[in-house]
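Data first, discussion second: the structure below is written as structure tokens.
Fair warning: this is a prediction, and the values are worked out from it, not measured in the lab. So you know, we letter chains A, B, ... as the sequences are listed, proteins then strands, and number each from 1.
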Number of protein chains: 2
Amino acid sequence: MITKKSKYAIKALIYLTKQEKSKPVLIEEISTEEKIPKKFLEAILLELRKAGILGSKKGKGGGYYLLKPATEINMAEVMRLFDGAIALVPCVAHKYYEPCEECIDEITCPIREVFRVIREQTVATLKDNTFDELLLKEKKLKRYRK
Amino acid sequence: MITKKSKYAIKALIYLTKQEKSKPVLIEEISTEEKIPKKFLEAILLELRKAGILGSKKGKGGGYYLLKPATEINMAEVMRLFDGAIALVPCVAHKYYEPCEECIDEITCPIREVFRVIREQTVATLKDNTFDELLLKEKKLKRYRK
DNA sequence: TTATTTCTCTACTAAATCGGTAGAGTTTAT
DNA sequence: ATAAACTCTACCGATTTAGTAGAGAAATAA
């Protein structure tokens, strides 16, 4: 399962994607609109800023805003930031590779093969979903509901 | 990430798949051969028995054995048993569905759409991998190494 | 029938992670 | 100078993970 941090981060980024670009949005506003505990959200937005995804401005008229266009931020990037590896076993992780401690022979491990495929599928899907794509999806879903 | 319990369970099942069927194998043997802590493995095998995947026999000549043919046990089943939902968010889980607490509108949630696709891909891959398929994969990998 | 073998069950525990909260500090605009 | 905002450090309770300990029950063999 994904952590709440990741889910909150994705929601906050969707919210920011909807705004007029470069206009800073208050933590407070995102917190109430998206129902994310404010203090927790603070930490999340800070991490997104340190990762170069968001920019911030202090003082009156301050807040957070997207640094990159929404076409260049995807779900894989965000999830890796907050949850670490996307892979289900460390030995097939890309950015966070580690041998499985209890593994006897990585090269001939059939479990590894399966999880390698799953990781590739998952990462591909997450990368396809940039934040503008997510907005598009939401619009489509809202049309269908009517 | 998958838990060690799941990984150990899969390894133990692969080991049992390799044995002459219906011949019980000692916990001790699986533990030393697959390098799984014995006491921990006991709990795992017990759970597999309660799930109807393994049978057991007590006393001398006892041990654990597969109850179903290896073509009818797959990785999805095992992982669900030990780790619960395969989905990355509860709202797209199949066997373990729960609404996301912080979700405002499930029907128009674009995040949900993405995770629904990922869950479908992952489950399909895990289901394809029955234990006889895993054995086959291992054989192929061993051939290639030579 | 008694000893031995082997699985079964309950209870505990140490460490890590998750999902936060508290509060002081720093920067910027007015 | 003051108020508005983000920034940073430190903490905390609950849950989960990865085990361990030890007694019990059933089956077999002597």
| Considering only D:dC6, C:dG20, D:dA25, which nucleotide approaches the side chain of B:K58 most closely? | D:dA25
| said: Tell me whether A:K68 at atom NZ has more than 12 heavy atoms from other residues, nucleotides or ligands lying less than 6.0 Å away. | reply: yes
| C:dG20 OP1/OP2 closer than 4.0 Å to side-chain N/O of A:Y8 | yes
| message | What's A:L45 touching, base or sugar-phosphate or nothing? Going by heavy atoms closer than 4.0 Å. | response | nothing
| remark: Testing D:dA5, D:dT7, C:dT8 for proximity to the side chain of A:L26, the answer is D:dA5
| note | Considering only heavy side-chain atoms of B:K4, the closest of D:dG19, C:dG20, D:dC6 is D:dG19
| message | Classify B:K38 by what it touches in the nucleic acid, base, sugar-phosphate, or nothing, heavy-atom distance under 4.0 Å. | response | nothing
| request: Would you mind telling me which of D:dA29, D:dC8, D:dA18 lies closest to the side-chain atoms of B:T3? | output: D:dA18
| task | Would you please confirm or rule out a distance under 4.0 Å between OP1 or OP2 of D:dT7 and any side-chain N or O of A:S56? | result | yes
| said: Do A:R112 and B:L141 make a side-chain contact, defined as non-hydrogen atoms from C-beta onward lying under 4.5 Å apart? | reply: no
| query | Can you tell me how far P of C:dG19 sits from CE of A:M1, to the nearest Å? | reply | 12 Å
| note | Between OH of B:Y65 and P of C:dT6 the distance, given in whole Å, is 15 Å
| query | Do B:V117 and B:Q121 have side chains that get closer than 4.5 Å, going by heavy atoms? | reply | yes
| Counting side-chain heavy atoms from C-beta on, which of C:dC9, C:dG20, D:dC8 comes nearest to A:F40? | C:dG20
| message | How many whole angstroms separate atom CE of A:M79 from atom C1' of C:dC18? | response | 16 Å
| Spacing of A:I44 atom CD1 relative to D:dC6 atom C1', expressed in whole Å | 15 Å
| said: Rounded to whole Å, how long is the line connecting atom CG of A:L46 with atom P of D:dC8? | reply: 6 Å
| field | Touch class at under 4.0 angstrom, heavy-atom based, for B:K7 against every strand present | value | nothing
| note | note: A:E47, atom CD; C:dC18, atom P; distance rounded to Å ~ 12 Å
| query | Rounded to the Å, how far apart are A:E29 CD and D:dA4 P? | reply | 17 Å
| How do A:G61 and B:G59 order along DNA chain C: which one's closest nucleotide is nearer the 5' end? | B:G59
| task | Under 4.0 Å between any heavy atoms, over every strand shown, what does A:F82 touch: base, sugar-phosphate, or nothing? Just pick one. | result | nothing
| remark: To the nearest angstrom, the NZ-P distance between A:K11 and C:dG19 comes to 14 Å
| Which part of the nucleic acid, if any, lies within contact of B:E42, taking any heavy atom under 4.0 Å across all strands shown: a base, the sugar-phosphate backbone alone, or nothing? | base
| query | Is atom NZ of B:K60 surrounded by more than 12 heavy atoms (other residues, nucleotides or ligands) closer than 6.0 Å? | reply | no
| query | A:K39 side chain: which of D:dT7, C:dG23, C:dT6 is closest? | reply | C:dG23
| field | Check: A:Y15 main-chain N/O paired with A:Q19 side-chain donor or acceptor under 3.5 Å | value | yes
| task | Verify whether one side chain among B:D83 and B:T3 offers a donor that lies under 3.5 Å from an acceptor in the other. | result | yes
| task | Determine: side-chain N/O of A:K57 to OP1/OP2 of C:dA29, distance under 4.0 Å, yes or no. | result | yes
